[in-house]
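What follows is a short report on a single structure.
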Amino acid sequence: MPPGSPAAASARLPPAGYRLLYLVAQPVSVPSAADCVFVYTGDVFRMVDRPAPAALLAGCLGDFRGDGREDLALLLTRERDGAAVPVVLRARPPGWDVIELGEVTDPYGFQVDRTAWPGPFCTPKPRSGVLRSEVAGDTAIVVGDLLTVGWRTYFWDPGAGRFDSLLTND
């Protein structure tokens, strides 16, 4: 997400108690076109904690509650302990609710290399309205877009009034 995007500007980033994380593109050498299937987002982007030319915010946009409002999902650094945590800025006029989703679950990627970007990656609400975990076999009814961070995919649970998640990657 570009730092100057309308959503980022209206959210007055970063929220109190957090610092922004950025993504910078890096060159990728691929021997043949057939090898492109083995190139991952983490191969193309590296995460840094300072703005750089052409840097993007480590985040994405989605309507997570299915209410027609654009919410932001960001990976931010928590100032009190320096931990990188996924945070949703939930749009609510006239401002934003800041919701921390917890630690990043990705023991072989992000926990080993803190410049590897674990997400969030936003995806539209499934047409069926059902999120299926191919890893654990679990399912959840969803009302809005999804966001994936590390091995977990998060969705808004309107009955509980909070985000919940399923293990969807490993």
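Residues take their numbers from the sequence shown, with the count starting at 1.
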Closest approach of [X] and [Y], non-hydrogen atoms and distance?
X: Pro2; Y: Ala8; result: O-CB, 4.2 Å
X: Gly119; Y: Phe121; result: CA-CE1, 3.4 Å
X: Ala116; Y: Met47; result: O-CE, 3.8 Å
X: Ala58; Y: Pro120; result: O-CD, 3.8 Å

For the atom pair [atom1] ([X]) and [atom2] ([Y]), what is the distance rounded to the nearest 0.5 Å?
X: Leu74; Y: Cys60; atom1: CG; atom2: SG; answer: 8.0 Å
X: Leu131; Y: Leu166; atom1: CG; atom2: CG; answer: 4.5 Å
X: Thr168; Y: Arg152; atom1: OG1; atom2: CZ; answer: 8.0 Å
X: Leu89; Y: Leu76; atom1: CG; atom2: CG; answer: 7.5 Å
X: Arg65; Y: Asp157; atom1: CZ; atom2: CG; answer: 13.5 Å
X: Phe45; Y: Trp117; atom1: CZ; atom2: CH2; answer: 7.0 Å

Kindly list each side-chain donor-acceptor pair under 3.5 angstrom involving residues 19-33, sequence neighbours excluded, with atom names and distances?
{"from": "Gln26", "atom 1": "NE2", "to": "Asp43", "atom 2": "O", "distance (Å)": "2.8"}
{"from": "Ser32", "atom 1": "OG", "to": "Asp35", "atom 2": "OD2", "distance (Å)": "3.2"}

Which donor-acceptor pairs under 3.5 Å do the side chains of residues 138-149 make with protein atoms, sequence neighbours left out?
{"from": "Asp145", "atom 1": "OD1", "to": "Lys125", "atom 2": "N", "distance (Å)": "3.0"}
{"from": "Asp145", "atom 1": "OD2", "to": "Asp63", "atom 2": "N", "distance (Å)": "2.8"}
{"from": "Thr148", "atom 1": "OG1", "to": "Thr153", "atom 2": "OG1", "distance (Å)": "2.9"}

Could you see if [X] belongs to whatever hydrophobic cluster contains [Y]? Use Ile, Leu, Val, Met, Phe, Trp, Tyr and a side-chain cutoff under 4.5 Å.
X: Val130; Y: Tyr154; value: no
X: Val88; Y: Leu72; value: no
X: Leu75; Y: Phe64; value: yes
X: Val48; Y: Leu56; value: no

- Counting only N and O atoms by type, is there a donor-acceptor contact under 3.5 Å from the side chain of Ser133 to the main-chain atoms of Leu167? yes
- Query: Is Asp49 close to Arg114 at the side-chain level, that is, under 4.5 Å between some pair of heavy atoms?
  - Reply: no
Donor-acceptor contacts under 3.5 Å from residues 91-104 side chains, at least two apart:
{"from": "Arg92", "atom 1": "NE", "to": "Asp97", "atom 2": "OD1", "distance (Å)": "2.5"}
{"from": "Arg92", "atom 1": "NE", "to": "Asp97", "atom 2": "OD2", "distance (Å)": "3.4"}
{"from": "Arg92", "atom 1": "NH2", "to": "Asp97", "atom 2": "OD1", "distance (Å)": "3.4"}
{"from": "Trp96", "atom 1": "NE1", "to": "Ser10", "atom 2": "O", "distance (Å)": "3.2"}
{"from": "Asp97", "atom 1": "OD2", "to": "Arg90", "atom 2": "NE", "distance (Å)": "3.4"}
{"from": "Asp97", "atom 1": "OD2", "to": "Arg90", "atom 2": "NH2", "distance (Å)": "2.6"}
{"from": "Glu100", "atom 1": "OE1", "to": "Tyr18", "atom 2": "OH", "distance (Å)": "2.6"}
{"from": "Glu100", "atom 1": "OE2", "to": "Arg78", "atom 2": "NH1", "distance (Å)": "2.3"}
{"from": "Glu103", "atom 1": "OE2", "to": "Arg78", "atom 2": "NH2", "distance (Å)": "3.3"}

